[in-house]
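The next block holds one structure in the form of structure tokens; read it before the comments.
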Amino acid sequence: MTPKEQIEQLREVLHTHNHAYYILDSPTISDYNFDQLLSKLQQLEHQYPEYNNPNSPTKRVGGGITKNFETLVHKNRMYSLDNSYSKEDLLDWEKRIQKIIEGSINYTCELKYDGASISLTYENGYLKQAVTRGDGFQGDNVTENIKTIKTIPLQLQGDYPNSFEIRGEIVLPFKGFEAMNKARISNGEEPYANPRNTASGSLKLQDSSETAKRPLECLLYSLAGTNIPVKTQFESLEKARNWGFKVPEIATLATSIEEVMDFVTYWDTHRSKLPYETDGVVIKVNNLAQQEELGYTAKAPRWAMAYKFKAEQVSTKLLSIDYQVGRTGAITPVANLSPVGLAGTTVKRASLHNADQIEKLDIRVGDTVYVEKGGEIIPKIVGVNFSKRNNNITPVLYATNCPECNTKLTRTEGDAKHYCTNEEACSPQVIGKIEHFISRKAMDIDGLGGETAGLLVKEGLIKNYTDLYKLTVDQLLPLERMAQKSAENLVNGVKASVNISFERVLFAIGIRFVGETVAKKLAKHFKNIEAIAHASIETLEAVDEIGIKIAESVFHFFQLESNLTKIERLKNFGIQLAMSAESQEGVTDKLVGNSYVISGVFYEVSRKELKELIEKNGGKVSSSISSKTSFIVAGDKMGPSKLAKAEALGITILNETEFLKEIL
Ligand code: AMP
Ligand code: ZN
């Protein structure tokens, strides 16, 4: 045998043993013999580097260092899921989808694994790339680290497609998590808070051999992309299992919401026996053609629903209350609790939301309180055990002054929160606004993190985000832990942000209540910052989906001299304060006022492109036919009941060509 053949044979054998051990849970070789074979392979690969292969079983041990994780755009967006909490919610959902699709609906029920989601791409049977969910549109390339997770096959078996994407959840099973924490405590280190955060943190470690040491697993739940050789979700789970992925056998098919509830009820009580954390059930329309027909909302597929298990509750003592100041000056009271275990975590702090909440629940320092962890990471106090109240404790006197800058707090009519209005000098607000400005979804400034931003403020180098554009390498060098290279990266990162699009700049400047979506809406409507700055409250409110609260906040923002100065400076530094010609390409108002429903199969343009075309030209797309529908764009195989409904309502049906003519 040539060395090449020997290497290949060893790889094959090791892949097989790996699969037997980690996926099938039935080892076919002793650990000792496995290690022997592995080190033999390592030795040969070392001797013959020309036969190096990025998917060799030796890559499992890690060793590669990643300094900065590359950002990659997802080919298929990674959506979130809508939540439901009761059988009624599920029945409502079923009603909604029955309006869109015809024929009977079956559901796949799966557990909702609580970890970090991951998208894996395989080409010709080999793992090519692994990307975190990120913001759903783009994530981090964490391939090096992912390769060290033994339940992820580096090489597939069976009848896999040439190229496909598969999604799953990286989890840290309880047992491994506890072992890690035990080791940390005996080393005098702080234990990790919970398995989910530790799992997602593990994917971003710079040294992949550190990731290799963590007992992570990957549970797969869906295939994405075209040319997938299956017709149903359930089949795709089976296929993935055959190709060598770890797909829990728990998934079942249900033919009614009744049956879905049986699954939910069973696992609500039995999930505590599972080796990993779950926070609900995911219910998916089984038929993939029906899924396609249902499509997506802005955030989530219409064909899937998460059913959230009721949160676990514990009681503990409320020791004291702190007040935190956010970037907008909003004050959040935070409870310090006597540490208590809850859903795999030790809880020491909990949110109290606002003064009303404290009053409503009559929460007092010294009380025994009930703490719950819902979907959110921060646990909350949901009530007081009055039978344990000590009679001499008094109601909470809510903070009157800012804990950071001592400015008197204000609270406007109808607003639940107190605010510190010292926007320009209250340290957490100043730092928070800069952190928001540089964050990934905003200006996405490479080489500058929240901690450094705080340091820059403390050292007096910057007072607000516009000062970032004046920073020089020489100014940065004297800072703690700032080397030439990192100083240069920071300055270059800032420079590069002049290319960030107007809508993101609008989000970045931190107008209260202007999130990503609102920023997009405003940018698209007004086209440049002057138009927004000069708009009256009425003009702002007239924009689709902009309410009075947002309109007032935007108006108020541009009334302040300090904000106008900042905008002026951003302009001088070359920041994008108007829509670029490119983003306005193809934008018209030809379809304004019209609402469209897309139905059937298309050949010239995809469904997604159709939707984009309608929106770019000012129209609206909705998923079900109603009296508000102006037109139906129908492809091949439009369902008969839809057709009947359209005819009954007298709605004009356009075919693909007819529609395209309208916007030419
Ligand atoms: P959420 O983040 O609450 O909107 O829920 C969506 C996330 O649930 C997805 O990004 C997945 O990471 C996760 N998830 C866990 N288990 C499943 C499953 N069986 N099917 C689909 N998504 C799942
Ligand atoms: Zn303050």
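The model shown is predicted, which means the values in this text are computed figures rather than measured ones. As the structure lists them, so they are numbered: ligands from 1, and atoms in each ligand from 1.
- The salt bridge (Lys or Arg N to Asp or Glu O under 4.0 Å) with Glu293 is formed by just one residue from the set Arg607, Lys99, Arg302; it is Arg607.
- Side-chain contact, Tyr107 with Glu94: a donor N or O sits under 3.5 Å from an acceptor N or O.
- Side-chain rings of Tyr307 and Trp267 stay apart, their centers remaining 6.0 Å or farther from each other.
- Side chain to side chain, Ser119 and Glu165 meet the donor-acceptor criterion of an N or O pair below 3.5 Å.
- Contacts with ligand 1 closer than 4.0 Å are made by side-chain heavy atoms of Tyr221 only, the backbone lying farther away.
- Arg512 forms a cation-pi arrangement with Tyr419, by the criterion of a distance under 6.0 Å to the ring centre and an angle within 45° of the ring axis.
- Both the backbone and the side chain of Leu81 come within 4.0 Å of ligand 1, judged by heavy-atom distances.
- At least one heavy atom of Lys284 sits less than 4.0 Å from an atom of ligand 1.
- Tyr22 does not carry Lys246 over the face of its six-membered ring by the limits of under 6.0 Å from the centre and within 45° of the normal.
- Residue contact check: Glu110 has heavy atoms under 4.0 Å from atoms 18 (C), 19 (N), 20 (N) of ligand 1.
- Contact annotation: for Asp114 versus ligand 1, there are no heavy atoms closer than 4.0 Å.
- Side-chain contact, Ser84 with Asp89: no donor N or O sits under 3.5 Å from an acceptor N or O.
- Counting protein heavy atoms only, atom 4 (O) of ligand 1 is closest to Ser80 OG, 2.5 Å.
- A donor-acceptor pair shorter than 3.5 Å can be found between the side chains of Thr108 and Asn286.
- Of the polar atoms of Asn83, none of the N or O atoms is found under 3.5 Å from an N or O of ligand 1, judged by distance alone.
- At a 4.0 Å heavy-atom cut-off, ligand 1 touches Arg133 through the side chain alone.
- Note on the Zn ion (ligand 2): protein N, O or S atoms under 2.8 Å away count 4, no waters included.
- The closest approach between any non-hydrogen atom of Leu111 and ligand 1 is below 4.0 Å.
- Judged by distance alone, the side chains of Lys417 and Thr332 do bring a donor and an acceptor atom under 3.5 Å apart.
- Near Ser117, meaning under 4.0 Å from one of its heavy atoms, ligand 1 places the atoms 10 (O), 12 (O).
- For atom 3 (O) of ligand 1, the nearest non-hydrogen atom of the protein is Lys112 NZ, 3.4 Å.
- Heavy atoms of Glu169 found under 4.0 angstrom from ligand 1 belong exclusively to the side chain.
- For atom 16 (N) of ligand 1, the nearest non-hydrogen atom of the protein is Tyr113 N, 3.1 Å.
- Of the N and O atoms on the side chains of Gln233 and Gln291, not one donor lies less than 3.5 Å from an acceptor on the other residue.
- The aromatic rings of Phe245 and Tyr122 lie perpendicular to each other, with more than 60° between the two planes, well past the 30° mark.
- Both tests do not hold together for Arg504 against Phe507: distance to the six-membered ring centre under 6.0 Å, angle to the ring axis within 45°.
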